[in-house]
Protein chains: 2
Amino acid sequence: MGASKIDHFSPEHVEMSAIMKALGHPARLAILEHLLKVDSCVCGDIVDVIPLSQPTISQHLKELKTVALIKGTVEGNSVCYCLNENIIEKLFTYIGNIKSTLVAKSSYC
Amino acid sequence: MGASKIDHFSPEHVEMSAIMKALGHPARLAILEHLLKVDSCVCGDIVDVIPLSQPTISQHLKELKTVALIKGTVEGNSVCYCLNENIIEKLFTYIGNIKSTLVAKSSYC
DNA sequence: TTTGCTTATTGCAATATTACGATAAATATT
DNA sequence: AATATTTATCGTAATATTGCAATAAGCAAA
């Protein structure tokens, strides 16, 4: 096969894993942090900052957009990208739940 | 090409993205949550709980082990898997930093 | 030591990802 | 209108991932 059998898993697992997967590439984490660092959302400069070609960056941005980790709004000639706080929050909450359940549990091996 | 040019990115981005990538599959999230739910670490039953074959589960476990999200200790016949709190904590901290920076920033588009 | 049980590995097919050159599409400027 | 600028898409090659049947490897009893 090759494709993951996502129909066998819960919607929450499918959604969360898609978000994690989108963050599962150093370039996409670098894009995320760049968007965080830069004050304005004007974002053609991502290509200048990250050592990958313009088409590749565009593709990575698309993947981040697909899971709604970022939003992009057209602004004249260029496109302004910025982070979507909601999705980051969702991810934070999910990991936080795992963490606290784990701490409460304290059965190790 | 095809392989990601990880040598172009910071060690932190490489490490964090590897952890995220390991969680970027519904089966691996399901494994994680199962380990969290079950009180004992005795874990041959993952195969019974998740609708994938034994070799596939074994492979997913290996990926989680590679990034140290889980630990596995041999226990007689079987292997006992459990979560590694440190890595979960690390992930939580990383996302938390992004989140709080984002909140403090409040420049949207 | 043979048998059974549990987990890992191998080999392979199907599919997905990564990366980029070439090119298109859309808007700005001249 | 012609040109420049910016971003997206297409096409393609290289590599990685996903999944499983078959099989190996390791240990526990009998």
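Order of the sequence lines sets the chain letters (A, B, ...), proteins ahead of strands, with each chain counted from 1. Atom set for the values below is all heavy atoms of this structure, side chains included, hydrogens, waters and symmetry mates excluded.
Here the side chains of A:His34 and A:Asp45 are in contact, with some heavy-atom distance below 4.5 Å. With a 4.5 Å cut-off on side-chain heavy atoms, A:Met20 and A:Ile95 count as touching. The shortest side-chain heavy-atom distance between B:Thr56 and B:His60 falls under the 4.5 Å cut-off. Side chains of A:Leu83 and A:Ile70 form a contact here, defined as non-hydrogen atoms less than 4.5 Å apart. Counting heavy atoms from C-beta on, the side chains of A:Gln54 and A:Ser58 come closer than 4.5 Å. Annotation: side chain of B:Ile50 is in contact with side chain of B:Ile31 (closest heavy-atom distance under 4.5 Å).
Looking at every heavy atom in both residues, A:Leu35 comes nearest to A:Tyr81 through CD2-O, 3.6 Å. Annotation for A:Gly72 and A:Lys65: closest pair N-CD, 4.3 Å, computed over non-hydrogen atoms. Between A:Leu23 and A:Leu29, the shortest heavy-atom distance links the atoms O-CG, 3.6 Å. Shown here for A:Phe92 and B:Gly96, the closest heavy-atom pair between the two residues is CE1-CA, 3.2 Å.
The interatomic distance linking B:Leu29 (CG) with D:dT18 (C1') rounds to 16 Å, in whole Å. Between the CG atom of B:Asp45 and the P atom of C:dT7 there is a distance of 9 Å, given to the nearest Å. Going from atom CD1 of B:Ile46 over to atom P of C:dT7 covers 9 Å, rounded to whole Å. The nearest whole Å value for the distance from the CD1 atom in B:Ile50 to the C1' atom in D:dG19 is 14 Å. The distance between atom NE2 of B:His8 and atom P of C:dT18, rounded to the nearest whole Å, is 15 Å. At whole-Å resolution of the value, CG in B:Leu52 and P in C:dT7 are 16 Å apart. Atom CZ of A:Arg28 is separated from atom C1' of C:dT18 by 9 Å (rounded to the nearest Å). In this structure, CD1 of A:Ile70 is placed 12 Å from P of D:dT7, rounded to the nearest angstrom.
No donor-acceptor contact under 3.5 Å links the side chain of B:Gln59 to the base of C:dA8.
Nearest to the side chain of B:Val79, among D:dA8, C:dA19, C:dT7, sits C:dT7. The side chain of A:Ser78 lies closest to D:dT7 when the candidates are D:dT7, D:dT18, D:dA22.
Contacts of residues 10-26 of chain B with DNA chain C (heavy atom under 4.0 Å): none. For DNA chain C, the residues of residues 60-67 of chain B within the heavy-atom distance limit of 4.0 Å (strictly under) are B:Lys62, B:Lys65, sorted by number.
The phosphate of D:dG19 (OP1 or OP2) has no side-chain N or O of B:Thr56 nearer than 4.0 angstrom. Contact between the side-chain N/O atoms of A:Tyr81 and the OP1/OP2 oxygens of D:dT6 is not found at any separation under 4.0 Å.
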Could I get a table of every N or O pair under 3.5 Å where one atom is in the protein and the other is in nucleotides 24-30 of chain D?
residue: D:dG26; atom: N2; partner: B:Asn77; partner atom: OD1; Å: 3.1
residue: D:dC27; atom: O2; partner: B:Asn77; partner atom: OD1; Å: 3.4

Take B:His25 and B:Glu63, measure what side-chain hydrogen bond (donor to acceptor under 3.5 Å, both in side chains) needs, and give me the verdict at the end.
CA-CA 11 Å; B:His25 190 290; B:Glu63 282 176 70; over 6 Å; no
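Side-chain atoms of B:Lys90 do not come within 3.5 Å of backbone N or O of B:Met16 as any donor-acceptor pair.
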